[in-house]
Structures are given as structure tokens and as C-alpha cells.
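First up is the structure itself, then whatever we jot down about it.
The chain is numbered in sequence order, starting from 1.
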Amino acid sequence: MSLNLAWNNEQQDKEITDPMIAMLEQLLNLAGEAEGVADGEVALTFVNDEQIHELNRDYRGIDRPTDVLSFAMNETVDEELDIIYELDEDEEMPDVLGDIIISVPRTILQSEEYGHSFERELGFLFVHGFLHLLGYDHQDEASEAEMMGKQEAVLAQAGLTR
């Protein structure tokens, strides 16, 4: 088994190239290995600021654009119904970890603000989103420091330093 990345580019202002996707797949596997996640699927969608603004408002109640959103599939709510899938005997249900949505315009802006490449910022946001899918958060200084340390370690392994 392995970690798989399914992606979609809903915005067309910046081309998302095959080498960028290969980099994200590498980061997914490095982060998965670091976290003990050996298989599953992550859905990644690239959007513009208007699209991510709408999602941020509708799902988080925050009425402004953001850089990355994560929607974990393994989170359950007390009153949530169980979904029962019927599969053929030889079919396995993929372990879908969740969705990551990245605003490409924000990625460009932040890479310029921080003085590093678009690819480095894209990788940072992707790993950040992946860690959220696994339940990490940054609500206080200790959890933020832990999450940032994990992100930077994965990015350094891939050679994406500042």
C-alpha cells in the first residue's frame, strides 16, 4: 500500500506542473512516513481566492480568504450516520484521509512576502494541510511549535529550505 495524491486545478492563472505534483507526492510520502501513515489517499484542489473565501466562510464561519483548508475524512461527529459501502469481494475500500484546498494566489503572495520560491510555499501549505488531516492543530503555542517543527523537518528532508 502507499499514499496517493489525487489533484485538481480549478484555477487557471498559474500552471501546476508535473514536477510540482511530483514534489507534493514526495512530501506526502515523507510526511506519511514521519507520522506512521503508510497508505491512504489525499484529494488536493487548487483554487483562487474567491473560491477559498467562500469555503472558509461556509465551513469555518470566517469571512475572508485563507491560504489552505483541510477537511479530514476520519473525523466523526456524535450524531453522524455510518456510511455502509458495498464492495465486490476483491475490491478494497481506499482509506481516504481527506481534502486539502490551496489558494494559488495566496501561495504566490506568501512566497513573495517570505522571500522563497513558489514551490517551497506550496510544499509548506501542503504539509501543513496534511498534518491537519491527521489531527494536528495550532490553537496554542505548544501545539503550533510541534506542528511547525514537523513541517520544517519534512520540508528539509525534501530540500525545500528557506
Side-chain angles (χ1 to χ4, degrees), residues 1-53 55-56 59-60 62 65-75 92-162:
M1 301 300 273
S2 65
L3 288 168
N4 295 310
L5 178 65
W7 66 280
N8 178 23
N9 186 10
E10 291 196 3
Q11 63 79 45
Q12 300 302 319
D13 293 342
K14 177 159 181 72
E15 181 183 4
I16 303 300
T17 64
D18 289 342
M20 289 178 197
I21 296 302
M23 174 198 72
L24 295 173
E25 288 172 336
Q26 176 193 19
L27 290 172
L28 176 62
N29 284 291
L30 289 171
E33 184 179 314
E35 294 301 314
V37 178
D39 64 316
E41 183 172 294
V42 172
L44 172 61
T45 304
F46 299 103
V47 297
N48 61 35
D49 272 354
E50 293 76 25
Q51 291 164 306
I52 208 161
H53 183 160
L55 291 167
N56 204 26
Y59 290 97
R60 295 183 61 224
I62 300 173
T66 189
D67 50 10
V68 61
L69 291 171
S70 298
F71 298 97
M73 293 298 290
N74 294 330
E75 290 180 352
E92 281 189 39
M93 183 67 189
D95 185 15
V96 179
L97 299 173
D99 296 285
I100 299 172
I101 294 106
I102 295 177
S103 166
V104 173
R106 292 263 152 208
T107 305
I108 293 167
L109 179 67
Q110 289 173 187
S111 69
E112 291 168 356
E113 286 177 356
Y114 294 126
H116 54 240
S117 70
F118 173 82
E119 289 78 7
R120 200 272 186 210
E121 187 66 17
L122 181 64
F124 176 87
L125 294 174
F126 180 71
V127 173
H128 184 88
F130 177 73
L131 290 174
H132 276 306
L133 294 181
L134 300 182
Y136 287 95
D137 214 335
H138 44 84
Q139 298 297 74
D140 56 48
E141 283 185 31
S143 59
E144 182 175 11
E146 178 186 20
M147 196 169 173
M148 290 298 260
K150 288 178 178 287
Q151 289 167 199
E152 292 301 329
V154 169
L155 292 168
Q157 268 189 290
L160 290 171
T161 56
R162 288 187 176 192

Report task. Mind listing the closest non-hydrogen atom pair of Ser111 and Ser117 along with its distance? Result -> CB-O, 3.5 Å
Report summary line: When rounded to the nearest 0.5 Å, the distance separating CG of Leu28 from CG of Leu44 is 9.5 Å
**Report entry** Pairwise side-chain contact, Phe126 with Val68, heavy-atom cut-off 4.5 Å (strictly under)
**Finding:** no
Query raised in the report: Within a strict 4.5 Å, meaning less than it, do heavy atoms of the Ile16 and Val104 side chains meet?
Result: yes
Report summary line: Closest non-hydrogen contact found for Met23 with Glu119 is CE-O, 3.4 Å
Query - Value rounded to 0.5 Å, distance of CG in Asn9 from CD1 in Ile102 - result: 11.0 Å
Query raised in the report: Which pair of non-hydrogen atoms, one from Gln157 and one from Leu30, has the smallest distance, and what is that distance?
Result: NE2-CD2, 3.7 Å
Query - Leu55: side chain to side chain contact (heavy atoms under 4.5 Å, CB included) partners, not counting sequence neighbours - result: Tyr59, Leu69, Ile101
Report summary line: The reported gap from OG in Ser70 to CG in Asp137 (rounded to nearest 0.5 angstrom) is 10.0 Å
**Report entry** Side chain to side chain, Asp95 and Glu41, heavy atoms closer than 4.5 Å
**Finding:** no
Query - Heavy-atom side-chain contact between Met20 and Phe118 under 4.5 Å - result: yes
Report task. Compare all side-chain heavy atoms of Glu33 with those of Asn29 and state whether any distance is below 4.5 angstrom. Result -> no
**Report entry** Donor on one side chain, acceptor on other, Ser103 and Asp49, under 3.5 Å
**Finding:** yes
Report task. Enter the distance from Asp99:CG to Thr45:OG1 here, rounded to the nearest 0.5 Å. Result -> 6.5 Å
Query raised in the report: Heavy atoms, side chains only, cut-off 4.5 Å: are Lys150 and Glu35 in contact?
Result: yes
Query raised in the report: Say you draw a straight line from CG of Leu125 to CG of Asp67; how long is it, rounded to the nearest 0.5 Å?
Result: 4.5 Å
Query raised in the report: How many angstroms lie between atom CG of Leu3 and atom CG of Asp39, to the nearest 0.5 angstrom?
Result: 7.0 Å
**Report entry** Partners passing side chain to side chain contact (heavy atoms under 4.5 Å, CB included) against Glu152 (at least two apart in sequence or in another chain)
**Finding:** Arg120, Phe124, Leu155
**Report entry** Candidate pair Leu27 and Leu160, rule side-chain contact (heavy atoms from CB on, under 4.5 Å), full reasoning
**Finding:** CA-CA 10 Å; Leu27 290 172; Leu160 290 171; 3.9 Å; yes
Query - Non-neighbouring partners of Glu50 that pass side chain to side chain contact (heavy atoms under 4.5 Å, CB included), sequence neighbours left out - result: Asn48
Report task. Answer yes or no: is there a side-chain heavy-atom contact under 4.5 Å between His132 and His138? Result -> yes
Query raised in the report: Less than 4.5 Å apart, any side-chain heavy atom of Leu133 and any of Ile100?
Result: yes
Query - CG/Asp140: more than 12 non-hydrogen atoms of other groups inside 6.0 Å - result: yes
